[in-house]
Amino acid sequence: MTSMTQSFTRWPVIEKDPRDFRVRPNLLDYADTCAAFTWDDARRALTGAPPAEATGGVVSSGTAMNIAYEAVDRHAEGPNAGKDALRFIGADGAAHSLTFARLAEETSRFASVLRELGIGSGDRVFSLLGRVPELYVAVLGTVKNASVFCPLFAAFGPDPIAQRMTLGDGKVLVTTRALYRRKIVPIRGELPELRHVLIVDAEGSPEEGTLDLAALMAAAPDYGPIAATDREDMALLHFTSGTTGTPKGAIHVHDAVTAHYATGLFALDLHPDDVFWCTADPGWVTGTSYGVIAPLVHGVTTIVDTEEMEVERWYRILEEQRVTVWYTAPTALRMLMRGGVSRARSHDLGALRFVASVGEPLNPEVVIWGQEAFGIPVHDNWWQTETGGIMIANYAAMQIKPGSMGQPLPGVFAAIVARDSEGRPILDDEGLPVLVTEEFEVGELALRPGWPSMFRGYLHEQERYERSFVGGWYLTGDLVRRDRDGYYFFVGRGDDIIKSSGHLIGPFEVETALLEHAAVAEAAVIGIPDEVAGEIVTAYVVLHPGWEATDALRLDIIGFARRRLGPAVAPRELEFTDEVPKTRSGKILRRLLKARALGLPEGDTSTVERPQ
Ligand code: ATP
Ligand code: MG
């Protein structure tokens, strides 16, 4: 495969000084921890199964496990009972908490409600809710009842909702009165499987065809048996972000909690006294795996902001709630960066000891900015809906190479598979993928199946599921390279790679260089087909406030990128735009830019943040 330029290496490595550790990091020696780690050990750190009294006398087998029991009830039975499990921050900044004991009760009531309604093992319960307490109760109450939970973004329109609920065979929907009227009424007739709509704010007078959740909860017992589910029973259904096409429904099982536990321990460095804030919406996988399950499993208090992102508000939450571990996304960090270092510094963020980011490539500049703004760098990590949990990460005790997503988690075996010029994996005579061994050679990131939060299927797409495994490896669809120390660098999604005059160009690398120009606030880069070059690197750029979109500035930015990247990789075309299209989970939708540039149909736009 053609080699690629390496612009990251000019960023200084960030060393960690043990004298700076405020708490002892959970992962101190990477090599030793990886060598000693087994998933069975991680399972042993959990309870393994609800005890017979919790299961209503059912004696569970050796492979029983229930996410809700691990996340809530076992804490509610011990010294954490009175501790805040979830702390909701309202519009006025006031906090409202649910303790572990209360969460255990509420989730049991919710499970009882489902049972009374005849909803059982494997039945799908969907939610269409903002970050309200009922959403969290529904996630955990559903899995307590052995049913399967599937969150939907509250901002989805009727069509994407219908599409997902049909694909997912949704039997129950939990939502609000307003969302029901606006989005479900128009499609209710298309959802014959949908048996019950539970309204969280019915206030005693539910609409026709719906039920009042609060009334049902009040009538239900707050103690009920927890299903003694098997590790391999389906627990969660998550739709992918739809960045590359129609979203896929990834199936996850109860054993995923083992990975949530281990990754919370190693990648997020969770300690019992932490105050943790994951800014992702539970409508996508990060918001459930790390906004709900992982911190609860660790008995940690989790902050939930019920409002939308706003720079000043976020700083206030970090400050007032004394957040210690913060898990957020590159888009949000770039927005904070646009607000300037001084804004961050005008708040007391002294409690913060660990910041992590996921979802998109994290520009090295942002890692460094974190150090200036928060006094600590941002730790990038990588995973996807299919992996169910963090797979590659930068760790609290280890050096960071800005631009690198870090190294595989203990128990996770990663490799890089060579690809041919069509982007297919190259196989040897025995049908096994050829692995890349050269430093910095680009190939597809592959993972060895066996980690507990691996998806167990794409719902109703068995063939597609099978196609993603080749010769004993799961192929992720992402292109990466690795340095001699084993640090992984993201190059791009297989689908986004630009082929121009014999070079393979990762859009992220070009976007990162553009972002270093003082005028550039955001950049998205795609390849536009060209007879001579194959593809022409084309950039869409959003300017910082105060800059004028002139031709001179356009040429200046192109010249700047050429000096950074060389003429073969720098954009040949550059257009100014007010906004870069993104998914609701904050990912740049390059396929949409490309379709628009070529005048082609836009394809699935159900996850576009703000249709333009
Ligand atoms: P779809 O599969 O429907 O196209 P999607 O892949 O965007 O959507 P997700 O599973 O939410 O859906 O996103 C996972 C993808 O996000 C990864 O495969 C990768 O491309 C990108 N990603 C996640 N974390 C990082 C990271 N730290 N650096 C670079 N890319 C990342
Ligand atoms: Mg994907």
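Order of listing sets the numbers, starting from 1, for every ligand and every atom in it.
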Open item on the list: Tell me whether E444 contacts the main-chain N or O of G477 through its side chain, where contact means a donor paired with an acceptor under 3.5 Å.
Closed with: yes
Open item on the list: Could you check, using the six-membered ring where one of them is a Trp, whether Y30 and Y395 have ring centers closer than 6.0 angstrom?
Closed with: yes
Task: Per atom 3 (O) of ligand 1, closest listed option by heavy atom (T240, L362, L479) - done: T240
TODO: Pull out every atom of ligand 1 sitting under 4.0 Å from any heavy atom of V358, numbered as shown with elements.
DONE: 24 (N)
- [ ] Measure up the F469 and Y474 rings against each other and bin them: parallel (under 30°), tilted (30 to 60°), perpendicular (over 60°).
- [x] tilted
Open item on the list: Return the closest protein heavy atom for atom 12 (O) of ligand 1 as residue, atom name and distance.
Closed with: S241 N, 3.1 Å
TODO: Just go through E386, Q384, R493 and tell me whose heavy atom is the nearest to atom 6 (O) of ligand 1.
DONE: R493
- [ ] For atom 16 (O) of ligand 1, grab the closest protein heavy atom and report residue, atom and distance to one decimal in Å.
- [x] K587 NZ, 2.9 Å
Task: atom 4 (O) of ligand 1: the protein heavy-atom neighbour that sits closest, reported with distance to 0.1 Å - done: T244 OG1, 2.4 Å
Task: Protein heavy atom at shortest distance from atom 17 (C) of ligand 1 - done: D478 OD2, 3.2 Å
Open item on the list: If you measure every N or O of G359 against every N or O of ligand 1, does any of those distances drop under 3.5 Å?
Closed with: yes
Open item on the list: Using ring centroids (six-membered ring only for Trp), state whether Y327 and F354 fall under 6.0 Å.
Closed with: no
TODO: Give a yes/no on ligand 1: does W383 have at least one heavy atom closer than 4.0 angstrom to it?
DONE: yes
Task: Sidechain-backbone polar pair: H252 side chain, H238 backbone, donor-acceptor under 3.5 Å - done: no
Task: F239 and W284 aromatic centres sub-6.0 Å - done: no
Open item on the list: I need the atoms of ligand 1 closer than 4.0 Å to a non-hydrogen atom of N381, numbered in the order shown.
Closed with: 24 (N), 26 (C), 27 (N)
TODO: If you have a sec, work out which protein heavy atom is nearest atom 26 (C) of ligand 1 and how many Å separate them, to one decimal?
DONE: E360 O, 3.4 Å
Open item on the list: On a heavy-atom basis, I'd like to know which of F490, Y488, F239, F489 is closest to atom 30 (N) of ligand 1.
Closed with: F490
Open item on the list: I need the nearest protein heavy-atom contact for atom 9 (P) of ligand 1: residue, atom name and distance, please.
Closed with: T385 OG1, 3.4 Å
- [ ] Give yes or no for whether the N/O distance cutoff of 3.5 Å, strictly under, is met between S357 and ligand 1.
- [x] no
Task: Heavy-atom nearest neighbour in the protein, as seen from atom 7 (O) of ligand 1, with distance rounded to 0.1 Å - done: T243 OG1, 2.4 Å
TODO: Evaluate the ring planes of W383 and Y290, with Trp represented by its six-membered ring, and classify them as parallel (under 30°), tilted (30 to 60°) or perpendicular (over 60°).
DONE: perpendicular
- [ ] Heavy-atom contacts with W284 under 4.0 Å: which atoms of ligand 1 show up? List them by number with element.
- [x] 11 (O)
Open item on the list: Donor-acceptor check, side chain of S500 to backbone of I536, threshold 3.5 angstrom: yes or no?
Closed with: no
Open item on the list: So for atom CD, which belongs to E308, do other residues, nucleotides or ligands contribute more than 12 heavy atoms lying within a distance under 6.0 Å?
Closed with: no
- [ ] Using non-hydrogen atoms of the residue, decide whether T476 is closer than 4.0 angstrom to ligand 1.
- [x] no
Task: T240 side chain to Y458 side chain, donor-acceptor N/O pair below 3.5 angstrom - done: no
TODO: Quick one: pull up CG in N394 and NZ in K401 and give me the separation to the nearest 0.5 Å.
DONE: 10.5 Å
Task: Which residue and heavy atom of the protein sit nearest atom 2 (O) of ligand 1, plus the separation - done: K248 NZ, 3.0 Å
